[in-house]
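Heads up: the structure comes next, in structure tokens.
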Amino acid sequence: MEFLTILLSGLLGLVSPVGIAVDRTAENAIRSQFAKVGELQVRVDNAPSYQLLQGKVERLRIAGRSLQLKRQNIRIAVLELESDRIEIKPRSLTRKPQLKKPLQAGVRLVLTQEDINQAMLSPQLIARLQKLNINLKDFTNTRANTVYNLANPQVQFLPNNRLQIQVELQEKRKRKPVLIKAESQVSIVNGRQIQLVNLVAQVDQVEVPAKLINLILNNINKRLDLRNLEGGGLQARILKLKISQGELEMAAFVRIEPSYLALLETPRL
């Protein structure tokens, strides 16, 4: 969800000190948030027009295809967004614009299997995957404290909301990597949590026992709980999640508190 807040934070400068804002201005502001853009259409509803001087926009609609993010190495095949009323603090228009009220928007995304696999090769995502604590001592002849390097992660989208993940774990002192394969169904619980269910996994073609599967699922599902974001001022509800062969489609409702965008603008040390 971070990409969405970065995109919306770029929109706070739409209303200039002299009150000039048009669809082209909005499109340029949004376009600047991406490294590459295939197609992009932006519509700003601002009637009556004098509301712009007060930092108000009735509605913002975005439709884009083939959008390459700047901060994350991932391409979005389809992006559709429609916001509720946007209100910016009038006194902040001549400085760094700030939200007066929470920003709410509906968003629809489509990601392709090919783009996901490309993104999984990025150092940032590999570093996140390495934080998952999976103990392999019961399946390999290695010590419990053996250090592995993650290599060649791949995902495959399957029918009926299922996906398959494959990754190699390479021990520094061994040439042959340990191959992990896992297949799971993806479901949504109360719109707040993405869960992996009915997981089956193999380590070097050895079935992982149910006890260890449950430990892995518990770890992963906790990380996929969207309620983890709420303490920082971001709320998200998944309305639709559909996985078919070759692509993933998701629709969500997002509410962003003014404090959350302020955190994004804070320089990171």
Side-chain angles (χ1 to χ4, degrees), residues 1-9 11 30 33 59-65 67 69 71-86 99 102-117 119-120 124-125 128-129 131-132 153 155-165 182-199 214 216-257 259-261 263-264:
M1 291 297 177
E2 182 179 356
F3 88 90
L4 180 60
T5 56
I6 293 172
L7 185 155
L8 291 174
S9 67
L11 301 177
I30 295 168
Q33 303 301 308
R59 181 170 58 178
L60 174 71
R61 287 177 284 184
I62 303 170
R65 293 181 179 274
L67 307 174
L69 294 177
R71 299 193 184 186
Q72 293 96 351
N73 183 31
I74 188 170
R75 187 184 74 96
I76 300 173
V78 178
L79 167 64
E80 297 174 356
L81 182 146
E82 182 171 332
S83 78
D84 288 347
R85 183 182 179 93
I86 300 174
L99 284 175
L103 191 155
Q104 299 184 152
V107 60
R108 174 179 173 265
L109 294 173
V110 176
L111 304 174
T112 69
Q113 177 180 299
E114 180 181 357
D115 291 332
I116 290 291
N117 281 325
M120 290 179 70
Q124 296 88 344
L125 193 53
R128 291 184 181 183
L129 291 175
K131 293 180 180 180
L132 296 176
V155 64
Q156 181 179 0
F157 294 152
L158 305 173
N160 302 319
N161 271 24
R162 295 188 66 83
L163 58 81
Q164 183 184 84
I165 299 175
E183 183 175 322
S184 175
Q185 186 175 10
V186 183
S187 66
I188 303 299
V189 179
N190 296 325
R192 296 184 174 186
Q193 186 173 19
I194 303 173
Q195 280 195 348
L196 302 183
V197 295
N198 300 325
L199 177 68
N214 291 333
I216 296 172
L217 280 178
N218 185 56
N219 189 1
I220 295 176
N221 288 337
K222 282 182 178 180
R223 295 172 182 267
L224 296 177
D225 192 336
L226 299 179
R227 288 173 294 185
N228 296 332
L229 305 173
E230 294 181 0
L234 174 62
Q235 297 182 29
R237 299 290 182 270
I238 305 297
L239 307 177
K240 177 182 179 180
L241 181 64
K242 180 181 178 181
I243 297 176
S244 57
Q245 194 164 3
E247 69 178 31
L248 179 151
E249 178 185 3
M250 181 176 68
F253 169 81
V254 180
R255 176 185 171 94
I256 303 171
E257 300 291 337
S259 58
Y260 188 81
L261 289 180
L263 288 175
L264 287 181

Heavy atoms of P153 and N117 approach each other most closely as O-OD1, 4.4 Å
Residues at least two apart in sequence or cross-chain that pass salt bridge (Lys or Arg N to Asp or Glu O under 4.0 Å) with D115, listed by chain then number, are R75
CG of D225 to CD of E230, rounded to nearest 0.5 Å, is 8.5 Å
Nearest heavy-atom approach of T112 to A77 is CG2-CB, 3.9 Å
Self-check item: Close side-chain approach of I243 and V186, heavy atoms under 4.5 Å
Solution: yes
Is the backbone N or O of L158 less than 3.5 Å from a side-chain atom of Q164, with the two atoms forming a donor-acceptor pair by type?
no
Taken to the nearest 0.5 Å, the spacing of I220 CD1 from I165 CD1 works out to 7.0 Å
- Message: Determine whether a donor-acceptor pair (N or O, by modelled atom type, separation under 3.5 Å) exists between the side chain of N190 and the backbone of R192.
- Response: no
### Query
Going through the distances and angles, do L109 and L79 end up as a side chain to side chain contact (heavy atoms under 4.5 Å, CB included)?
CA-CA 5 Å; L109 294 173; L79 167 64; 3.5 Å; yes
All heavy atoms of L99 vs all of L103, minimum pair found to be CD1-CB, 3.9 Å
Separation between CG (L60) and CD1 (I30), nearest 0.5 Å, reads 5.0 Å
When every non-hydrogen atom of L111 is compared with those of F157, the smallest separation belongs to O-CE1, 4.0 Å
Heavy-atom nearest pair, R59 first then S83, reads CG-O, 3.2 Å
query: Can you find a pair of side-chain heavy atoms, one from L199 and one from N214, that are under 4.5 Å apart?
result: no
Rounded to the nearest 0.5 Å, the CG atom of L234 sits from the CG atom of L229 at a distance of 5.0 Å
Taking every heavy atom of S184 against every heavy atom of V197, the minimum-distance pair comes out as OG-O, 2.9 Å
One should read off an interatomic distance between R162 CZ and S187 OG, to the nearest 0.5 angstrom, of 11.0 Å
For R61, the salt bridge (Lys or Arg N to Asp or Glu O under 4.0 Å) test, sequence neighbours excluded, returns D45
Q.
If we ignore hydrogens and angles and just use 3.5 Å, is the side chain of N160 paired with the main-chain N or O of Q185 as donor and acceptor?
A. no
### Task
Determine, step by step, whether Q195 and L224 satisfy the side chain to side chain contact (heavy atoms under 4.5 Å, CB included) criterion, reporting the C-alpha distance in whole Å, the side-chain angles of both residues, the deciding distance to 0.1 Å, and the verdict.
CA-CA 7 Å; Q195 280 195 348; L224 296 177; over 6 Å; no
Rounded to the nearest 0.5 Å, the NZ atom of K242 sits from the CD atom of E247 at a distance of 8.0 Å
For R65, is the CZ atom crowded, meaning more than 12 foreign heavy atoms sit under 6.0 Å from it?
no
